[in-house]
2 protein chains.
Amino acid sequence: MDVLRTLALEGHRLTKARKEIVNLFQSQHKPLSALEVKQILTKRNVHVNRTTVYRELWFLKEKGILQEISFGEGKSRFEIITAHCHHHLVCNNCGGIEDIIVDEDSLIQAVQKNSQFTVERHLIEFFGVCANCK
Amino acid sequence: MDVLRTLALEGHRLTKARKEIVNLFQSQHKPLSALEVKQILTKRNVHVNRTTVYRELWFLKEKGILQEISFGEGKSRFEIITAHCHHHLVCNNCGGIEDIIVDEDSLIQAVQKNSQFTVERHLIEFFGVCANCK
DNA sequence: CTAGATGCAAAGAGTTTGCACGAAG
DNA sequence: CTTCGTGCAAACTCTTTGCATCTAG
């Protein structure tokens with residue numbers, strides 16, 4: 001379904017910032033930080049306030065459209081939620097990011113079995129050198 | 001071997017801050033943020049500057065005594081490096097942290113096989129509800 | 001119109017840097 | 001003594017909040 005249409009039907013306004021940010025994440029399946037979002041929009045001559053970007057990312061996360069992830073850089077990244085849960089390979093050299101599907105279910109099952117712990121959320125990311133940079 | 005003795009033999013000074021911080025991480029096998037380290041020391045009447053804590057954590061990391069980890073909170077945590085690589089179960093309710101050994105080698109092998117990517121570092125952490133809080 | 005969204009300024013965490021002073025060896 | 005480590009102040013990044021203003025519907 002169309003994300004923007006759905007939001008409109010729920011009574012949310014389709015402002016310039018909202019439309020541009022949703023478009024950005026839909027066209028570029030890559031985890032972006034708040035300030036990266038702002039920079040990309042600025043390059044496209046869309047001038048949106050820092051605060052607005054943060055609020056919009058929070059809004060889209062609440063709506064289940066974006067998810068927040070972390071590469072341990074001291075800042076949050078966001079990406080559009082896709083049907084299948086995936087993780088990332090981050091190249092230490094060029095900064096490129098590849099998606100990867102990981103069989104994490106068996107891993108989580110094992111963790112829960114060994115620990116009496118109910119896992120609700122997890123963080124799995126890999127850092128190294130990509131094929132191009134080798 | 002004794003960490004402090006080793007550092008001394010390498011020509012590093014055994015200052016109050018250094019001794020207290022090494023002791024703290026040796027007695028408490030738990031990931032701590034820089035400011036948590038400072039708070040604990042203050043409670044013990046050891047007054048160390050914020051900057052000194054950051055510099056000491058960086059130093060101990062460079063020395064291979066501590067490792068930096070992230071729970072995606074927007075800040076770094078540090079813990080003493082133990083013989084076996086482990087990960088954590090962080091309770092969303094009580095904030096408690098349990099160590100867990102994960103069979104990540106097979107996971108990393110699979111990732112590398114599927115991607116032409118050489119994995120150098122990874123981030124694997126779990127969040128949920130611990131046995132006590134259930 | 002009017003609630004929802006925005007911009008601006010300020011503030012708050014976490015972290016780093018430069019520089020002069022202090023203390024371990 | 002001399003070099004390594006410390007404290008302090010300032011600055012920097014990322015993020016949040018309050019409030020007045022604007023605008024999509």
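Order of the sequence lines sets the chain letters (A, B, ...), proteins ahead of strands, with each chain counted from 1.
Across all strands shown, B/Ser33 has no heavy atoms under 4.0 Å from either base or sugar-phosphate atoms. Within the nucleic acid shown, A/Arg55 comes within 4.0 Å of at least one base atom, counting heavy atoms only. The residue A/Thr15 sits close only to the backbone: its heavy atoms come under 4.0 Å of sugar-phosphate atoms, none of a base. Backbone-only contact: B/Ala17 has heavy atoms under 4.0 Å from sugar-phosphate atoms and none from a base.
Between B/His12 and D/dC4 there is no side-chain N or O to OP1 or OP2 distance below 4.0 Å.
Taking only side-chain atoms of B/Ala34, from C-beta outward, the nucleotide of C/dT6, C/dT15, D/dT15 with the closest atom is C/dT15. Distances were taken from every side-chain heavy atom of A/Arg50 (C-beta onward) to each of C/dA10, C/dT6, C/dT2; the shortest belongs to C/dA10.
Between B/Glu79 and B/Lys30, none of the side-chain N atoms (NZ, or NE/NH1/NH2) sits under 4.0 Å from a carboxylate O, so this pair counts as no salt bridge. With respect to the salt-bridge test (charged N to carboxylate O, under 4.0 angstrom), the residues A/Arg77 and A/Glu68 do not qualify.
Ring planes of B/Phe126 and A/His122: tilted class, angle from 30 to 60°.
For B/Thr52 and B/Arg13, each mapped to the nucleotide of DNA chain D holding its nearest heavy atom, the one lying further toward the 5' end belongs to B/Arg13. Of the residues near DNA chain C, A/Asn49 and B/Arg77, the one whose nearest nucleotide (by heavy atom distance) lies more toward the 5' end is A/Asn49. Residue-to-nucleotide proximity on DNA chain C shows that, of A/Arg18 and B/Leu14, the 5′-proximal contact is made by A/Arg18.
Put simply, A/Ile40 and A/Val46 are part of the same group of oily side chains (I, L, V, M, F, W, Y) that touch within less than 4.5 Å, one to the next.
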